[in-house]
Amino acid sequence: MWKWTDADNIQAIILDMDSLCQDYLEYPFTSILKDVKVFKVKDFWNNDVEKTQDTIEYFDISSLLQEILSIAKCESYSLIAISSNALFLKEMMQNHIGTILAGELTKEFLKSTPDFTYTALDTLDQILLKERKGYGAEVFATYSKSRKKMSLLKSETIVQLENGQQEPLTLYFGGRYYSQGHQYLLDDPLSVLVKEFKDNYVEVIDLFFDLAINFINKKEKIDILTAIPLKPIEIKNKRFDRFASLHLKRCTNNQLELQSILKCNKDFSQKGNNLFNRKEIVKGAFEVTENIAGKSILLMDDVYSSGSTFLEVAKTLYAAGAKNVSGVLLAANQLTESTSMSYHSLLCSCCGKPMTLKINHKNKQMFFGCTEYQKHLYVDTSISMQHGLRMLLDNNKLEITEIIDLEDEY
């Protein structure tokens with residue numbers, strides 16, 4: 001789903017000439033979105049791409065966006081960028097610009113996941129016309145049980161076994177997750193539900209996994225459905241087993257039930273560790289308890305951060321004789337904080353304190369509520385989730401600033 005974009009009001013499109021092929025540069029955008037302005041841009045230092053009469057050259061993204069917003073005379077939430085370069089889109093995201101990646105996202109850029117990814121040019125109009133709503137878990141978190149056309153973020157990687165053999169691993173994600181220390185967390189529907197899922201059953205997450213697993217099963221036949229197991233200390237403390245709580249009704253009807261074929265042998269924590277230590281800490285932590293020789297396995301988890309734990313489990317499954325291993329996860333952890341923009345949350349109309357996204361545990365609906373609501377219990381200042389998300393677009397839009405060239409004082 002769009003994070004910083006008003007999908008009903010797209011007025012300008014940036015095309016990255018440095019990465020896109022000619023088909024994109026000649027795409028009939030104005031026949032899809034009436035009166036939309038298209039800006040073809042290229043890096044000033046890239047001599048491999050020829051500048052045309054309608055090309056804008058740039059030295060840095062911030063100045064480029066200022067120029068385009070001035071010409072287009074629109075707000076930043078009406079501007080989107082299309083590129084095949086994940087680094088280019090990362091800079092756009094940091095400036096609160098909507099992004100579309102033309103191509104598949106590699107594992108290395110999962111922490112900077114764009115709003116949409118696609119590999120077929122003829123599906124671009126589905127995104128622009130809002131027929132494709134976004135990544136599945138984000139769609140369900142925002143629209144609850146309503147059936148919206150969704151997609152799964154797909155990323156291909158490999159698993160390196162101890163004997164040097166390499167095996168494929170296809171990862172499917174339902175969206176993006178902003179962790180506890182991230183400034184977006186309190187205003188992101190999926191992140192709020194992921195946090196809730198750690199301790200409670202969440203119907204929307206159940207629905208997402210059920211549909212996603214059945215979709216994957218049609219593309220690549222799954223023999224065994226399993227999940228990352230609890231650690232010994234979690235079992236001892238009787239921690240909520242989130243995956244065991246899922247009903248997965250469609251999967252059950254299709255004779256694909258969640259099976260416990262994995263065991264975790266040691267307690268470990270990945271928090272605060274670098275990538276090398278994460279890989280070392282998790283080595284040998286898992287074992288397979290069933291015969292899986294020649295089986296195709298789909299492995300479930302909630303959040304993918306460094307991938308160390310997930311890849312270790314996949315390696316363990318392959319070492320035990322699995323024919324193929326794939327993964328389905330709620331979300332990929334994000335690290336796309338803005339380097340130049342401050343973030344502005346909603347403020348309570350009664351006391352001026354921040355409004356955060358909360359869950360009404362009676363009807364399971366999310367809403368924006370005051371963090372200090374107890375000080376004004378008899379004054380309802382809550383805002384619906386949809387209205388609040390729209391207000392956040394305006395609160396965090398990129399402002400146009402006047403650039404003044406300073407004379408050399410020497």
Side-chain angles (χ1 to χ4, degrees), residues 1-9 69 74-79 93-98 115 133-135 137-146 148 175-205 303 330-331 333-401:
M1 291 182 60
W2 296 112
K3 181 67 180 173
W4 298 114
T5 303
D6 179 2
D8 296 319
N9 192 30
L69 288 173
C74 68
E75 303 291 0
S76 60
Y77 51 71
S78 295
L79 174 65
M93 283 182 267
Q94 290 175 334
N95 285 278
H96 297 179
I97 301 300
D115 295 305
K133 291 295 182 180
Y135 309 126
E138 293 185 24
V139 172
F140 283 120
T142 307
Y143 297 102
S144 190
K145 301 178 186 178
S146 59
K148 302 289 182 180
R176 297 160 289 185
Y177 172 74
Y178 302 94
S179 61
Q180 186 66 46
H182 202 296
Q183 63 179 8
Y184 299 159
L185 173 67
L186 299 178
D187 298 329
D188 181 72
L190 178 57
S191 299
V192 172
L193 289 186
V194 169
K195 187 177 179 182
E196 176 75 6
F197 186 50
K198 292 183 181 298
D199 300 301
N200 297 286
Y201 167 77
V202 178
E203 185 179 9
V204 168
I205 289 179
V303 175
L330 270 175
N333 203 352
Q334 300 299 291
L335 289 176
T336 50
E337 295 281 19
S338 175
T339 56
S340 59
M341 297 181 63
S342 58
Y343 179 73
H344 303 285
S345 60
L346 302 181
L347 299 179
C348 176
S349 59
C350 184
C351 66
K353 296 295 183 181
M355 304 276 283
T356 61
L357 200 53
K358 302 174 180 291
I359 300 175
N360 183 325
H361 288 283
K362 290 184 178 180
N363 60 19
K364 307 302 181 183
Q365 299 299 308
M366 282 188 280
F367 67 97
F368 284 91
C370 178
T371 55
E372 301 288 339
Y373 73 95
Q374 291 180 329
K375 294 181 179 179
H376 49 82
L377 285 173
Y378 301 105
V379 181
D380 184 11
T381 60
S382 63
I383 303 172
S384 71
M385 179 176 68
Q386 294 294 342
H387 183 53
L389 292 175
R390 180 60 187 82
M391 292 173 65
L392 284 169
L393 292 181
D394 194 61
N395 280 10
N396 293 280
K397 64 185 178 184
L398 182 62
E399 298 291 348
I400 298 179
T401 58

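Residue numbers count from 1 along this sequence.
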With Phe140, the side-chain contact (heavy atoms from CB on, under 4.5 Å) member among Leu190, Leu193, Val202, Val204: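 For Phe140, the side-chain contact (heavy atoms from CB on, under 4.5 Å) test succeeds with only one of Leu190, Leu193, Val202, Val204, which is Val204.
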Quick check on Tyr373: does its OH atom have over 12 non-hydrogen neighbours (other residues, nucleotides or ligands) under 6.0 Å away?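 Not buried by this count: 12 neighbours or fewer within 6.0 Å.
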Decide if atom NZ of Lys198 counts as having more than 12 heavy atoms of other residues, nucleotides or ligands within a radius under 6.0 Å.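 Enclosed.
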Backbone of Ser78 reached by a side-chain donor or acceptor of Asp6 within 3.5 Å: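 No; judged by distance alone, with no hydrogens or angles, the pair does not exist.
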Check: Thr371 side chain, Pro354 main-chain N or O, donor-acceptor pair, under 3.5 Å: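 Pair found, side chain donor or acceptor close to backbone of Pro354.
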If you look at every heavy atom in [X] and [Y], which pair is closest and at what distance?
| X | Y | answer |
| --- | --- | --- |
| Met385 | Phe368 | O-CE1, 3.6 Å |
| Asn333 | Tyr177 | OD1-O, 3.3 Å |
| Ser76 | Leu398 | OG-N, 2.7 Å |
| Ile383 | Gly388 | CG2-N, 3.7 Å |
| Arg176 | Ala331 | C-CB, 3.7 Å |
| Leu79 | Ile97 | O-CG2, 3.6 Å |

Less than 4.5 Å apart, side chain to side chain, heavy atoms only: is that true for [X] and [Y]?
| X | Y | answer |
| --- | --- | --- |
| Val303 | Ser179 | no |
| Thr142 | Gln386 | yes |
| Cys350 | Cys370 | no |
| Cys351 | His376 | yes |
| Tyr178 | Val194 | no |

Could you give the distance from [atom1] ([X]) to [atom2] ([Y]), rounded to the nearest 0.5 Å?
| X | Y | atom1 | atom2 | answer |
| --- | --- | --- | --- | --- |
| Tyr77 | Asn395 | OH | CG | 10.5 Å |
| Cys74 | Lys397 | SG | NZ | 11.0 Å |
| Leu357 | Leu346 | CG | CG | 9.5 Å |
| Met355 | Leu392 | CE | CG | 10.5 Å |
| Glu399 | Glu75 | CD | CD | 7.0 Å |

Should the pair Trp4 and His96 be assigned to parallel (<30°), tilted (30 to 60°) or perpendicular (>60°) ring geometry?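 Because their plane-to-plane angle is under 30°, the rings of Trp4 and His96 count as parallel.
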Apply salt bridge (Lys or Arg N to Asp or Glu O under 4.0 Å) to Lys353 and list each qualifying residue two or more places apart in sequence or on a separate chain.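 Salt bridge (Lys or Arg N to Asp or Glu O under 4.0 Å) check on Lys353 returns nothing, list empty.
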Taking 4.0 angstrom as the limit, do Asp188 and Lys3 come out as a salt bridge?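 A salt bridge links Asp188 with Lys3.
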Please walk me through it: do Glu196 and Lys364 pass side chain to side chain contact (heavy atoms under 4.5 Å, CB included)? CA-CA 11 Å; Glu196 176 75 6; Lys364 307 302 181 183; 5.8 Å; no
